[in-house]
Trainee: 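Just passing along the structure, written as structure tokens.
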Amino acid sequence: MDDAGQRPMGAEDTWSVAGRTFTSRLIIGTGKYKDYATNAAAAEAAGAEIVTVAIRRVNLSDPSQPMLVDHVKPDRFTFLPNTAGCFTGEDAVRTLRLAREAGGWNLVKLEVLSNTKHLLPDMEETLRALKLLIADGFEVMVYCNDDPVYALKLEEAGAAAIMPLGAPIGSGRGIQNQLNLALIIEQAKVPVLVDAGVGTASDAAVAMELGCDAVLMNTAIAEARDPILMASAMRHAVIAGREAFLAGRMPKRMYADPSSPLAGLI
Amino acid sequence: MKLVINGEPRTLAPLPHLAALVRELGLDPRKVAIERNLEIVPRSAYDLTPVADGDRIEIVHFIGGG
């Protein structure tokens, strides 16, 4: 959504999805951390208000294993259950119905993937699953390709937010198609979040400078040498990118333009 | 009583209801969600839901994910 220049200095800058309002524009995943304690510390350092979570079978051979909810607490963070690992609409719907029962929330992240090599979304199946979930009362944030045509179809079907990838999940390759993301952001009337592909802080800043509402990342923080420091870096990058977007960047010029006046030279 | 729990066959002494199964498995019912024969069982109904021979039970919880 294009709201550049609408915020007076000092006013609170928030964004809303499915009737909930957030201040932090950085959503973090909870996968790939060496332990849940590091994960919780990174979530705090990131200033995150929302974390994504997965639904999996309980390990029955050792029910005393550490549990996510004992470290990353659902009363501290909004849990956004995902459908990672689902390759059909039916799998996704089944998973999120269980998530809704486990947590009691109907705000969810839909991702329906195509194959395990590139993990790119299967958009036809994603759109079908979205319609099933909306009919079942879910508020759905949808992981999708950086395809403005499909993004609009998702929005028209009732998506609560559009979440195009910057690059494949876990690739850390940054924003691959800024033009497509800009087109998606320009046309969307629901929040747009860049989800997947961020590798380092400058990637998050680029995403925010394009005008997206928030950024979702997991591997860039979890696989950093120091995940907690990288979480802090990402927090600053998202804020910097957001403020740069709101401030409105200078035009790009072909030639130099001196900053010191030429008049009055001795 | 033979059940399939999370895809694995298990033989258990007869249990009166799902709540007893959760206890038997050492799980905290507040932290899981359960499907019985592909139907989600609301947490409030665990002690009303029978467990029968041949049932396929899925017990899931939140774990880390992106």
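The model shown is predicted, which means the values in this text are computed figures rather than measured ones. Residue numbering restarts at 1 for every chain, and letters A, B, ... go by the order of the sequence lines.
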Trainee: Would you list the atom pairs, donor with acceptor, under 3.5 Å between side chains in residues 48-57 of chain B and any protein atom, with sequence neighbours excluded?
Mentor:
{"unit_1": "B/Thr49", "atom_1": "OG1", "unit_2": "B/Ala45", "atom_2": "O", "d": "2.6"}
{"unit_1": "B/Asp53", "atom_1": "OD1", "unit_2": "B/Lys2", "atom_2": "N", "d": "2.5"}
{"unit_1": "B/Asp55", "atom_1": "OD1", "unit_2": "B/Asn37", "atom_2": "ND2", "d": "3.0"}
{"unit_1": "B/Asp55", "atom_1": "OD2", "unit_2": "B/Arg36", "atom_2": "NE", "d": "2.7"}
{"unit_1": "B/Asp55", "atom_1": "OD2", "unit_2": "B/Arg36", "atom_2": "NH2", "d": "3.2"}
{"unit_1": "B/Asp55", "atom_1": "OD2", "unit_2": "B/Ala52", "atom_2": "N", "d": "2.8"}

Trainee: Within a radius of less than 6.0 Å around CZ of A/Arg20, do more than 12 heavy atoms belonging to other residues, nucleotides or ligands occur?
Mentor: yes
Trainee: With rounding to the nearest 0.5 angstrom, report the OG to CG distance, A/Ser61 to B/Asn6.
Mentor: 10.5 Å
Trainee: Which value, rounded to the nearest 0.5 Å, describes the distance between B/Phe62 atom CZ and A/Met67 atom CE?
Mentor: 10.5 Å
Trainee: Once rounded to the nearest 0.5 Å, what's the spacing between atom CG of A/Leu60 and atom CG of B/Leu25?
Mentor: 5.5 Å
Trainee: Are more than 12 heavy atoms from other residues, nucleotides or ligands located less than 6.0 Å from atom CD of A/Gln65?
Mentor: yes
Trainee: Looking at A/Thr52, A/Ile27, A/Asn218, which one has more heavy-atom pairs under 4.5 Å with chain B than the rest?
Mentor: A/Thr52
Trainee: Let me know if A/Tyr36 has heavy atoms under 4.5 Å from chain B in its side chain, its backbone, both or neither.
Mentor: side chain
Trainee: With a 4.5 angstrom heavy-atom cut-off, could you sort out which part of A/Asn82 is near chain B: side chain, backbone, both or neither?
Mentor: side chain
Trainee: Indicate the atoms forming the closest heavy-atom contact of B/Gly64 with A/Ala54, along with that distance.
Mentor: O-CB, 3.9 Å
Trainee: Side chain from CB out, backbone as N, CA, C, O: work out which of these in A/Lys109 comes under 4.5 Å of a heavy atom of chain B, or both, or neither.
Mentor: side chain
Trainee: Among A/Pro81, A/Ala84, A/Gly31, A/Gly29, who wins on heavy-atom pairs under 4.5 Å with chain B?
Mentor: A/Gly31
Trainee: Can you tell me how far the CD1 atom of A/Ile55 sits from the CD1 atom of B/Ile63, to the nearest 0.5 Å?
Mentor: 9.0 Å
Trainee: Quick check on A/Asp195 against chain B: is it the side chain, the backbone, both or neither that has a heavy atom closer than 4.5 Å?
Mentor: neither
Trainee: Are A/Val58 and B/Lys31 close enough that some pair of their side-chain heavy atoms sits under 4.5 Å apart?
Mentor: no
Trainee: Non-hydrogen atoms of chain A under 4.5 Å away: do they reach the side chain of B/Leu38, the backbone, both or neither?
Mentor: side chain
Trainee: Side chain, backbone, both or neither: which part of A/Tyr143 has an atom under 4.5 Å from a heavy atom of chain B?
Mentor: neither
Trainee: Output yes when A/Arg94 and B/Glu35 qualify as a salt bridge under the 4.0 Å nitrogen-oxygen rule, no when they do not.
Mentor: yes
Trainee: Counting only non-hydrogen atoms closer than 4.5 Å, does A/Ala222 touch chain B with its backbone (N, CA, C, O), its side chain (CB onward), both, or neither?
Mentor: neither
Trainee: Need one label for B/Ile59: side chain, backbone, both or neither, based on atoms under 4.5 Å from any heavy atom in chain A.
Mentor: both
Trainee: Is it the backbone or the side chain of A/Val69 that comes under 4.5 Å from a heavy atom of chain B, or both, or neither?
Mentor: side chain
Trainee: Between A/Arg100, A/Glu101, A/Arg57, which has the largest tally of heavy atom pairs under 4.5 Å with chain B?
Mentor: A/Arg57
Trainee: First locate atom CD of B/Glu58, then atom CG of A/Leu98, and finally report the distance between them rounded to the nearest 0.5 Å.
Mentor: 8.0 Å
